[in-house]
Colleague: 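Before I ask anything, here is the structure I am working with.
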Amino acid sequence: MPELPEVETVMRGLQSRLEGRRIVCAVAHRADLRWMLPPELAERLTGARVTSFRRRGKYILMRLEGGQSVLLHLGMSGRIVLTPRGSNSQAIVPTPHEHLVLTTDEGWRLGFVDPRRFGSVDLVPTAQEEHHKLLAELGPEPLDPVFTPQRLSSALAGKRTPIKAALLDQKIVAGLGNIYVCEALFRAGISPKRAAYTVPGARAERLVPAIRDTLREAIAAGGSSLRDYVQPDGELGYFQHAWKVYGREGEPCERCPGRPTCAGIRRITQSARSTFYCARMQR
DNA sequence: ACTGTTACCTGATTGC
DNA sequence: TGCAATCAGGTAACAG
């Protein structure tokens with residue numbers, strides 16, 4: 001479930017292997033992902049030198065020499081698999097669900113693997129990155145100083161929807177998904193059911209640092225638990241993390257005073273997604 | 001304009 | 001053991 005911290009970690013891994021390198025070969029094996037791959041994708045990538053990377057929300061942007069950028073979204077099940085030179089998996093034959101394969105001038109093979117095909121890849125002129133349809137309406141980066149309690153408050157003003165749903169809305173803040181919204185609300189002591197318009201003020205003052213700290217800790221965990229951001233199996237950027245509430249239905253929450261008396265973490269359904277929270281600590 | 005629901009997709013898990 | 005039903009959720013399309 002790649003959310004901002006996982007995407008950030010994947011991006012750093014790509015950076016370590018691709019920045020400054022030339023793509024000597026690019027092959028697209030299937031084009032019908034969440035959005036159709038541009039037909040000229042492989043042709044544009046082949047021979048191009050990679051100049052830099054950046055992340056915007058859950059999107060990765062890979063800039064190429066010559067003014068084009070590759071826009072990558074991992075969707076639900078997307079991952080990058082790195083294989084070093086000399087491995088027998090350098091064969092042209094793709095592994096299952098490997099939709100795009102790049103080979104660098106240093107011999108690394110980078111596979112974009114996405115069984116559920118909710119992810120996608122697009123091309124955009126570097127100068128127009130921010131105007132790409134998928135990026136144009138994204139809200140602020142939660143780790144950027146512009147994401148202040150005041151800014152969040154004005155985005156939530158008048159919204160009748162639950163705060164859980166509002167934080168999943170990428171137009172309000174970019175990069176949060178189901179897991180980190182649950183975790184940040186727990187940290188801020190705010191009920192996921194609370195109407196968004198009641199959050200501005202003191203609660204937003206708690207929520208903004210809660211979101212930031214949750215994301216920063218997850219990025220740090222990913223970076224430190226992954227040597228060079230690459231796991232032994234070659235997979236980039238995924239790591240287990242000790243969630244406080246997500247996936248812990250029935251367990252006592254760690255913050256309840258006298259934990260044994262905690263009623264336990266509840267699981268409810270909001271907008272067809274699971275929400276985990278502690279009803280005593282989150283109001 | 002805003003809010004809530006459903007579809008897309010397939011591997012893993014659960015139930016009988 | 002096997003097969004079907006259910007679940008997972010990021011995003012867009014849709015309904016009201």
Side-chain angles (χ1 to χ4, degrees), chain A residues 1-11 29-37 55-61 71-81 94-100 111-122 124 132-139 141-142 154-185 192-200 211 214-215 218 233 235 237-241 243 245-250 265-277:
Chain A
M1 300 141 281
E3 301 182 29
L4 187 151
E6 291 79 22
V7 175
E8 176 71 22
T9 306
V10 169
M11 185 205 68
H29 291 288
R30 89 178 273 176
D32 57 332
L33 308 190
R34 183 66 176 83
W35 300 283
M36 226 28 146
L37 298 191
R55 180 190 55 72
R56 180 76 175 97
K58 298 172 195 171
Y59 295 89
I60 291 172
L61 285 147
L71 181 65
L72 170 68
H73 195 286
L74 298 173
M76 272 295 300
S77 57
R79 40 193 218 278
I80 303 289
V81 180
T95 63
H97 309 296
E98 192 177 42
H99 310 308
L100 182 67
F112 173 50
V113 178
D114 184 10
R116 293 166 73 176
R117 302 183 358 249
F118 280 12
S120 202
V121 184
D122 201 6
V124 58
H132 190 284
K133 188 186 167 189
L134 297 170
L135 303 186
E137 295 188 38
L138 287 181
E141 283 294 319
S154 48
L156 297 177
K159 288 218 170 282
R160 319 293 299 180
T161 196
I163 186 65
K164 162 81 189 298
L167 294 178
L168 284 173
D169 183 347
Q170 303 297 297
K171 293 192 281 296
I172 289 177
V173 57
L176 296 179
N178 202 43
I179 295 174
Y180 291 102
V181 167
C182 291
E183 294 295 312
L185 287 172
K193 296 191 280 191
R194 172 173 286 281
Y197 72 91
T198 68
V199 169
I211 291 170
T214 300
L215 296 175
D233 62 0
E235 201 167 297
Y238 284 57
F239 44 94
Q240 68 255 28
H241 192 79
W243 316 120
V245 286
Y246 185 83
R248 294 186 179 273
E249 181 180 16
I265 293 162
R266 291 185 191 170
R267 170 185 166 147
I268 59 172
T269 298
Q270 290 181 292
S271 45
R273 298 285 181 261
S274 288
T275 298
F276 297 87
Y277 75 111

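Just so it is clear: chains get the letters A, B, ... in the order the sequence lines come, proteins before strands, and each one is counted from 1. All heavy atoms count here, side chains included; hydrogens, waters and symmetry mates do not.
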Colleague: Quick one: does A:R273 reach the base of C:dT11 with a side-chain donor-acceptor pair under 3.5 Å?
Modeller: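 Side chain to base: pair present.
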
Colleague: For B:dC2, does either OP1 or OP2 sit under 4.0 Å from a side-chain N or O belonging to A:K159?
Modeller: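 For A:K159, the contact criterion (side-chain N or O under 4.0 Å from OP1 or OP2 of B:dC2) is not met.
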
Colleague: From the options C:dG10, B:dT10, B:dG4, select the nucleotide whose nearest atom is closest to the side chain of A:T161.
Modeller: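 Within the option list, the nearest is B:dG4.
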
Colleague: Rounded to the nearest angstrom, tell me the gap between atom CD1 in A:I172 and atom C1' in C:dT11.
Modeller: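 Rounding to the nearest Å, CD1 of A:I172 and C1' of C:dT11 are 15 Å apart.
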
Colleague: So what does A:R30 hit on the nucleic acid, given a heavy-atom distance under 4.0 Å: a base, only sugar-phosphate, or nothing?
Modeller: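 No contact.
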
Colleague: Out of B:dT10, C:dG10, B:dG4, which nucleotide sits closest to the side chain of A:H97?
Modeller: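 Among B:dT10, C:dG10, B:dG4, the one nearest the side chain of A:H97 is B:dT10.
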
Colleague: Nearest-nucleotide wise, let me know which of A:R34 and A:G158 is further upstream toward the 5' end of DNA chain B.
Modeller: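 This one resolves to A:G158.
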
Colleague: What is the distance, to the nearest angstrom, from the NZ atom on A:K193 to the C1' atom on B:dG4?
Modeller: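 Atom-to-atom, A:K193 to B:dG4, this comes out as 17 Å.
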
Colleague: Using a 3.5 Å distance criterion without hydrogens, assess whether the side chain of A:Q170 forms a donor-acceptor pair with backbone atoms of A:L168.
Modeller: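 Yes, the answer is positive, given that a donor and an acceptor are paired below the 3.5 Å cut-off.
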
Colleague: Kindly point out which of C:dT11, B:dT10, C:dG10 is positioned nearest to the side chain of A:Y59?
Modeller: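 The closest nucleotide is C:dT11.
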
Colleague: How many whole angstroms separate atom CZ of A:R267 from atom P of C:dA8?
Modeller: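 To the nearest whole Å, that distance equals 4 Å.
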
Colleague: Is a side-chain N or O of A:R117 found less than 3.5 angstrom from the main chain of A:G119, in a donor-acceptor match?
Modeller: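 No; zero donor-acceptor contacts below 3.5 Å.
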
Colleague: Atom NZ of A:K164 and atom P of C:dG10: how far apart are they, to the nearest Å?
Modeller: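 A:K164 atom NZ is separated from C:dG10 atom P by 9 Å.
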
Colleague: Among B:dC9, C:dC7, B:dG4, which nucleotide sits nearest the side chain of A:P162?
Modeller: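 From the listed options, B:dG4 comes nearest.
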
Colleague: If only side-chain N and O atoms of A:Q170 are considered, is one of them under 4.0 Å from the OP1 or OP2 phosphate oxygen of C:dT11?
Modeller: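 Indeed, a polar side-chain atom of A:Q170 lies that close.
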
Colleague: Can you tell me if A:R194 has over 12 outside heavy atoms packed within less than 6.0 Å of its CZ?
Modeller: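 More than 12 heavy atoms, drawn from other residues, nucleotides or ligands, come within 6.0 Å of this atom.
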
Colleague: At what distance, to the nearest 0.5 angstrom, does OG1 of A:T214 lie from CD of A:E183?
Modeller: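 Reported value, rounded in 0.5 Å steps: 7.0 Å.
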
Colleague: Any salt bridge between A:R56 and A:E141, counting N to O under 4.0 Å?
Modeller: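 A:E141 and A:R56: salt-bridged.
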
Colleague: Could you tell me whether the phosphate oxygens of C:dT11, OP1 or OP2, come under 4.0 Å of any side-chain nitrogen or oxygen in A:H73?
Modeller: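 So the side chain of A:H73 is within the cut-off, an N or O lying under 4.0 Å from OP1 or OP2 of C:dT11.
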
Colleague: In whole angstroms, how far is the P atom of B:dT3 from the CD atom of A:Q270?
Modeller: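 Rounded to the whole Å, the gap is 15 Å.
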
Colleague: Any side-chain N or O of A:S77 under 4.0 Å from OP1/OP2 of B:dT10?
Modeller: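 So the side chain of A:S77 is outside the cut-off, no N or O lying under 4.0 Å from OP1 or OP2 of B:dT10.
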
Colleague: Starting at NZ of A:K171 and ending at C1' of C:dG10, how long is that distance when rounded to a whole Å?
Modeller: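 Whole-Å distance recorded here is 13 Å.
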
Colleague: It should be established whether A:K133 places a side-chain nitrogen or oxygen under 4.0 Å from OP1 or OP2 of nucleotide C:dA12.
Modeller: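 For C:dA12, OP1/OP2 do not have a side-chain N/O of A:K133 under 4.0 Å.
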
Colleague: By the definition side-chain hydrogen bond (donor to acceptor under 3.5 Å, both in side chains), identify the one residue from A:E3, A:R273, A:K164 that meets it with A:N178.
Modeller: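 With A:N178 as partner, side-chain hydrogen bond (donor to acceptor under 3.5 Å, both in side chains) holds for just one option, A:K164.
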
Colleague: Nearest to the A:R160 side chain among C:dA12, B:dT10, B:dT3, which nucleotide is it?
Modeller: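 My answer, after comparing the listed nucleotides, is B:dT3.
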
Colleague: From C-beta outward on A:S271, which listed nucleotide comes closest to its side chain: C:dT11, B:dT5, C:dA8?
Modeller: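 Closest of the options to the side chain of A:S271: B:dT5.
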
Colleague: Between C:dA12 atom P and A:M36 atom CE, what is the distance in whole Å?
Modeller: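 Atom CE in A:M36 sits about 17 Å away from atom P in C:dA12.
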
Colleague: Which whole-number value in Å describes the distance from A:D169 CG to B:dA1 P?
Modeller: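 Computing the A:D169:CG to B:dA1:P distance gives 15 Å.
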
Colleague: As a test of reading the structure: which of B:dC9, B:dT6, C:dT11 is closest to the side chain of A:R117, going by heavy atoms?
Modeller: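 Selected nucleotide (nearest to the side chain): B:dC9.
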
Colleague: Taking donor-acceptor contacts at under 3.5 Å, does the side chain of A:R116 reach the base of C:dG10?
Modeller: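 Not at all, since no donor on one side and acceptor on the other fall under 3.5 Å apart.
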
Colleague: Check every atom of C:dG10, C:dA8, C:dA12 against the side chain of A:W35 and return the nucleotide holding the closest atom.
Modeller: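 Minimum distance to the A:W35 side chain belongs to C:dA12.
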
Colleague: Base, sugar-phosphate, or nothing: which does A:L134 touch, judged by heavy atoms less than 4.0 Å apart?
Modeller: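 Sugar-phosphate, no base atom in range.
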
